[in-house]
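Here the structure is laid out as structure tokens; the discussion comes afterwards.
Letters go in sequence order (proteins before strands), and every chain restarts at 1. Please read these numbers as outputs of a predicted model, since none were measured by experiment.
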Amino acid sequence: MLKLYNTMTGSKEAFQPLVPGTVRMYVCGVTVYDESHLGHARSALVFDVLRNYLQFSGYAVTFVKNFTDVDDKILTRAAQEGVPWTEIVERYLCTYRRDMARLGVAPADIEPKATEHMPEITTMIEALMAKGHAYRLDGDVYFEVRTDPAYGRLSKRKPEDLLAGARVEVDERKRNPMDFALWKSSKAGEPAWESPWGPGRPGWHIECSAMSIRHLGETFDIHGGGMDLIFPHHENEIAQSCAATGKEFARYWLHNGFVQINDEKMSKSLGNFFTIQDIFERSSCSEQVTGDALRYFLLTTHYRSPLDFSDVSVQEAKRALDSLYGLFQRLEEPSGEEGQGEAQLERAVTRLTEAFHRVMNDDFNTAAAIAQFQLLRGEVNRLLETGLSARARAQAREAFRSLGRVLGLFQLSIKEWEFKELEFRARPDDRTQGSRLDRERPEPPSFTDEQIERQLAERNEARRRKDFARADAIRTELSAHGITIEDRPDGTSRWKR
RNA sequence: GGCGCCGUACCCAAGUGGCUAAGGGAGCAGUCUGCAAAACUGCGAUGCGGCGGUUCGAACCCGCCCGGCGCCUCCA
């Protein structure tokens, strides 16, 4: 039985979807006005893994993740650059999709855009007007918070408390400072859609209500997003959705913790901002390998905890993966006395599978799940010393691959993996710290597989002749090209790059 | 001012009432090896920020204190 922490109730609850066997989930995506950063990566990854796990558990999942494609920030950016706002939207939609692909985060089933749901949005606002929850103010329309007696139940705030320390500049025209915009009239030159209240664009919160209801129905199972969205975004979504439909909105509210830098929130104003693009560009490893390391790093902390990013922590994740991929490589090689540990392996795989379900069912604890994989790594390595049949080795690899698929880990082949250290170069645009040297230092020309095999054969011939000087010279030569040699007991060698 | 979160070994981190406090990284020692590398084995918190309290029993519950952070404004 899957248990999920529900922000609404502040506790872990047994997950019971509205319609047995199916899950409808909505996650707040991004406003496409800039490069995506690690925080976006974490949120996207967390809910990607949740979706995978729900499917793995047998649910038919409908996953909706929106793009906010009309918003003040987009317009501001467009004005700064002197380009049409649609160009900003187009550009950052592309970079978001590129970054998600690199992270191995699959698209949602439906990825609606605000600009494509104007009829739903205006219809919903009209319903709120008709029911007395909203009022016009010149060309704008506001939601009247006072009409919702339950307002504040998600974020556990009372409207009175909110006013006490509010740093908001209150628009004096509003009936109540808490009231928020459903519709904003447009100024000259701004994008505008026709509405009963004149040309304008939707407020931020209404689009998520309109689009989630449009694609998932008035009541659905899971609504997710970053912690910071709890208030006011999700609070407002609940208020307007329930007011419009008279029904419960989302049943389970899930929120992921922040990515921090040096224990502080990552933000542009603090200047500690890491874009996903940055990380991939600066990594010394391939995109696939960097993506895996990043995923592993992001998933070794429980999704609700804050997570501190540093180069070192990603390097540690990479090293941890190296030991796993080292095992996968050995699993592709014949091992000693065939067949000895089959029964033990069977038990170990069963144990992993059970433990994986147990910890993932507990509020999808990916950190504990990864620990289970590490436990299996140790067991399989021990069994490999006594010998495993080809069938058992394939079974072990398959256990990592099939369960790992939920986390998006362990999917690469040995040829695709890189055993070299993951290092972060200085940022390409940083000219102050010798970064040009880093950038321009050429990668040593690599050998082809055939060349390596030839040198290895020569080296092992030399070892048989006890010509260790020659053998070590070859090893040094290969090492200079990023190739590591591991000698097996039988006189043959494996190599890694 | 209001609401809330965090503090577990050198570093990261799971665990939130009861088996020896997961797992990873780094380190040290050993096995193996011509030497390495890898793998394996062992070592590593008598204690979970501090002090009290509740309990037969607490890292986990309660109170106070110390330190750090978030939200209350756009924010994943």
Donor on one side chain, acceptor on other, A:W85 and A:E190, under 3.5 Å
no
Using the C1' atom as the point on both nucleotides, what is the distance between B:A58 and B:G68, in whole Å?
24 Å
Could you work out the separation of B:C60 and B:G17 based on their C1' atoms and round it to a whole Å?
6 Å
What is the nucleic acid contact for A:G257, judged by heavy atoms within less than 4.0 Å: base, sugar-phosphate only, or nothing?
base
A:R77 and A:Y92 side chains, donor-acceptor separation under 3.5 Å
yes
For each nucleotide in nucleotides 5-22 of chain B, reading 5' to 3', give B when a protein heavy atom comes within less than 4.0 Å of its base, S when such contact involves only the sugar-phosphate, and - otherwise.
------B-SSS------B
Pick the P atom in B:C5 and in B:C43, then give their distance to the nearest Å.
38 Å
Separation between the C1' atoms of B:G52 and B:C10, rounded to whole Å:
31 Å
If we take the C1' atom in both B:C69 and B:U31, what is their distance in whole Å?
47 Å
How many Å lie between CE on A:M227 and P on B:C71, as a whole number?
12 Å
Of the options A:R494, A:Q329, A:R330, which is the one that meets A:E486 in a side-chain hydrogen bond (donor to acceptor under 3.5 Å, both in side chains)?
A:R494
Is there a Watson-Crick or G-U wobble partner for B:G52 with both distances under 3.5 Å, and which nucleotide is it?
B:C62
From the set B:C74, B:G25, B:C71, return the single nucleotide nearest to any side-chain atom of A:P232.
B:C74
Just by distance, with hydrogens left out, do A:R351 and A:Q372 show a side-chain donor and acceptor under 3.5 Å apart?
no
What's the gap between B:U54 and B:G63 when it is taken at their C1' atoms, as a whole Å value?
11 Å
State whether a side-chain donor-acceptor pair under 3.5 Å links A:Y142 with A:N176.
no
Does a side chain donor of either A:Y26 or A:D221 reach within less than 3.5 Å of an acceptor in the other side chain?
no
Near RNA chain B, which residues from residues 37-50 of chain A have a heavy atom under 4.0 Å away?
A:H37, A:G39, A:H40, A:S43
Report the residue (A:P489 or A:H233) whose heavy-atom-nearest nucleotide on RNA chain B is the more 5′ of the two.
A:P489
Separation of A:D228 atom CG from B:C69 atom C1', in whole Å?
14 Å
With both distances under 3.5 angstrom, what nucleotide forms a Watson-Crick or G-U wobble pair with B:U73?
none
Measure from the side-chain N and O atoms of A:R51 to the backbone N and O of A:V61, and report whether any donor-acceptor pair falls under 3.5 Å.
no
Using whole Å, what does the distance between atom C1' of nucleotide B:G24 and atom OH of A:Y325 come to?
16 Å
Please measure how far the C1' atom in B:C48 lies from the corresponding atom in B:A14, and state the result in whole Å.
12 Å
For a quick check, with a 4.0 angstrom heavy-atom cut-off, what is the B/S/- contact string for nucleotides 35-45 of chain B, read 5' to 3'?
BBBSBSS----
Taking the P atom of each, how far is B:A21 from B:G44, in whole Å?
12 Å
Verify whether one side chain among A:E13 and A:T9 offers a donor that lies under 3.5 Å from an acceptor in the other.
yes
